[in-house]
A.B. asks: 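Structure incoming, see below.
Atom set for the values below is all heavy atoms of this structure, side chains included, hydrogens, waters and symmetry mates excluded. Count residues from 1 along the sequence.
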Amino acid sequence: MTGFRVGSATHTGRVRSNNQDSNLIADRLQLYAVADGMGGHQGGEVASALAVETLEAAPPTEPTSDALVEAVKRANAAVFARAGQEPALRGMGTTLCAIAVVDSEADPDTTEIAWVNVGDSRVYLYRDGELLQLSTDHNLVEDLRRDGQLTDAEAAVHPQRNIITRALGIDADVQVDSGTVVPYEGDRFLLCSDGLFNELTLDQMTATLRRLADPKEAADDLVRQANEHGGRDNITCVVVDIVDDDRAEVASAALAGTAAGIDADAPTRAVPAVAGSDPDLAGFSAPAPRDGDLPFGRPSEDVYGDLNRARTRHVTWRVLAFVLAVIVVLGVAFGAVGWYAKRTYYVGYAGTEVAIYQGQPGGLLFFDPEVKARTGLDRTDLTDAEAQAVRKEQSFASLTDARSFANRIRADVEDRRAARTTTTTRPRATTTTRPRTTVPPATPTSTP
Ligand code: MG
């Protein structure tokens, strides 16, 4: 069973003298709506109020999307009739967007959220940190934009963006867009009039819904920000949060997590997805294309594709973040081992030549020791003791220390060479000078 937590706010704004927006919060009917009236000083107010009053007084006769559409058509008929009766209200009209709980066509044991729209008020779905517009605006500028005749940037500031191509009360019948969404705990539906989204960017609206978990606080803050940014039109917001009646605590936790930017993920999903198709797409049904939109009407864009892409993108980002974290950890570990492996030096043999190595004797993991300097000394130049000392591959903290060690050996070797040169004509046994030794040469003859 799907439950709601709902908050709403409406404001005249900072420029208009009266508020022609209306909203409907009918918890008993699980029916929520926003209407934005137009047509003269009084007409707009009457039209939007009459539309939501009719929707409440004659709600859908059964929990289906089609019944919700029929209820909107009754509201249209009521506004149209009233406009025809009173000359002062002639030409009045209103937008209307609404959501309601309906039975799932695919699985009668589960419920879905149906949305309907006529005009340029909007139904958004906030899910997984993203705000997606479910409804399509029926206005001239949006039609031109979708037709490729205006860029997004041009459309956003176009002076005629308030000219709507569909409204309730203009004709005896009206085309109503509709669609359904399988709700998950933590989902937030935002219904609003154009006074909100013409003042705030999608990012600003998204950030607010992410930041404020309480639906009333979120609605109030959205209206406050719209006024801060100019408040050039009436502003109305209805925020409807999905909670699960049977698992209220889980829902609250999930909601709080979502609001705090923490992932309230799949395990808390309230309604099973419809089987038999791509799991990400399950539960979403696109609105039936309808003919006969006013001047520039076209079939709606693929918002369900957007929804699906948003989820995919979300998962992709999460996976990417995890992979990056692993790479960073491995990189740091690799760097630390490398640093440790290369921080010392030793003197050893490169083939038969004595050389100074950087690294650990025998290597460490992937880090093999590296020859930093060659001495030109061959193993055969060394005495047994020197050869033994080099074979021990003693570690030194710095290259300088390792060089000193090697230089001492080299000096001894050179001394011996020098000595050999000067004593070539004499047997080695008679060598008398050992300049490098600290002990003075032994007296050739003993004391008598
Ligand atoms: Mg408006």
Side-chain angles (χ1 to χ4, degrees), residues 1-4 6 23-35 51-52 54-78 95-125 127 132-138 166-168 173-184 187-191 238 240 242 270-277 281-293 297-308:
M1 178 63 197
T2 302
F4 296 127
V6 185
N23 64 64
L24 173 64
I25 312 291
D27 289 322
R28 180 180 54 86
L29 301 167
Q30 294 192 307
L31 178 61
Y32 306 93
V34 164
V52 299
T54 306
L55 197 58
E56 184 174 24
T61 52
E62 54 179 14
T64 65
S65 187
D66 287 345
L68 180 59
V69 168
E70 287 308 311
V72 172
K73 290 185 176 226
R74 283 193 292 275
N76 173 67
T95 72
L96 181 69
C97 65
I99 62 170
V101 173
V102 297
D103 289 341
S104 165
E105 282 180 27
D107 178 2
D109 292 335
T110 65
T111 53
E112 295 178 351
I113 304 298
W115 60 265
V116 286
N117 181 55
V118 175
D120 68 351
S121 296
R122 289 182 179 173
V123 181
Y124 288 97
L125 169 60
R127 172 179 290 175
L132 290 147
Q133 186 182 342
L134 297 177
S135 58
T136 302
D137 299 346
H138 303 132
R166 266 200 243 176
L168 301 193
D173 196 15
V174 69
Q175 299 287 341
V176 182
D177 282 357
S178 69
T180 58
V181 173
V182 173
Y184 295 134
D187 280 354
R188 317 187 86 172
F189 289 85
L190 168 65
L191 284 66
V238 175
V240 180
I242 302 298
V271 182
V274 178
S277 61
L281 278 169
F284 297 117
S285 65
R290 292 168 193 276
D291 299 326
D293 279 8
R298 287 157 51 82
S300 74
E301 286 178 307
D302 184 14
V303 297
Y304 298 94
D306 285 349
L307 208 56
N308 186 31

A.B. asks: Check for a donor-acceptor pair, side chain of Asp107 on one end and backbone N or O of Ser104 on the other, with a separation under 3.5 Å.
C.D. replies: no
A.B. asks: Distance check, rounded to the nearest 0.5 Å: Leu191 atom CG versus Leu96 atom CG?
C.D. replies: 9.0 Å
A.B. asks: Can you name the nearest heavy-atom pair linking Leu55 to Ala71, along with the distance?
C.D. replies: CD1-CB, 3.7 Å
A.B. asks: Looking at Thr54 and Ala75, what are the two nearest heavy atoms and their distance?
C.D. replies: CG2-CA, 3.7 Å
A.B. asks: Would you say Val176 and Lys73 make side-chain contact, with heavy atoms under 4.5 Å?
C.D. replies: yes
A.B. asks: Any side-chain heavy atom of Pro108 within less than 4.5 Å of one from Asp103?
C.D. replies: no
A.B. asks: Heavy-atom distance under 4.5 Å between the side chains of Val101 and Pro183, does that happen here?
C.D. replies: no
A.B. asks: What's the spacing between Leu134 CG and Thr180 OG1 if we round to 0.5 Å?
C.D. replies: 10.0 Å
A.B. asks: Where is the tightest heavy-atom contact between Val182 and Arg127, given as atom of each residue plus distance?
C.D. replies: O-NH2, 2.9 Å
A.B. asks: Report yes or no: does Thr95 contribute a side-chain atom to a donor-acceptor pair with the main-chain N or O of Asp120 at less than 3.5 Å?
C.D. replies: no
A.B. asks: Could you tell me the separation between the OG atom of Ser65 and the CD atom of Glu70, rounded to the nearest 0.5 Å?
C.D. replies: 10.5 Å
A.B. asks: Given side chains that start at C-beta, do those of Phe189 and Val238 come closer than 4.5 Å, heavy atoms only?
C.D. replies: no
A.B. asks: If you measure from OG1 on Thr110 to CD on Glu105, what distance do you get to the nearest 0.5 Å?
C.D. replies: 11.0 Å
A.B. asks: With a 4.5 Å heavy-atom cut-off, do Trp115 and Leu68 have their side chains touching?
C.D. replies: no
A.B. asks: Under the criterion side-chain contact (heavy atoms from CB on, under 4.5 Å), which of Glu62, Gln30, Glu112 is the partner of Val102?
C.D. replies: Glu112
A.B. asks: Test side-chain contact (heavy atoms from CB on, under 4.5 Å) on Phe4 and Ile242; report intermediate values, then the result.
C.D. replies: CA-CA 5 Å; Phe4 296 127; Ile242 302 298; 3.3 Å; yes
A.B. asks: Identify the heavy atoms of Ser178 and Val116 that sit nearest to each other, and give their distance.
C.D. replies: CB-CG1, 3.8 Å
A.B. asks: May I ask you to test the Leu125-Val181 pair for a side-chain heavy-atom distance under 4.5 Å?
C.D. replies: yes
A.B. asks: Grab the two heavy atoms, one from Ala35 and one from Val52, that are nearest each other, plus how far apart they are.
C.D. replies: CB-CG1, 3.9 Å
A.B. asks: State, without any angle test, whether Asp27 and Tyr32 hold a side-chain donor-acceptor pair at a distance under 3.5 Å.
C.D. replies: yes
A.B. asks: What distance separates Arg74 CZ from Leu168 CG, expressed to the nearest 0.5 Å?
C.D. replies: 13.0 Å
A.B. asks: Can you check whether Gln133's main-chain N or O pairs, donor with acceptor, with Arg122's side chain at less than 3.5 Å?
C.D. replies: no
A.B. asks: Working to the nearest 0.5 Å, report the span between CD1 of Ile99 and CG of Asn117.
C.D. replies: 12.5 Å
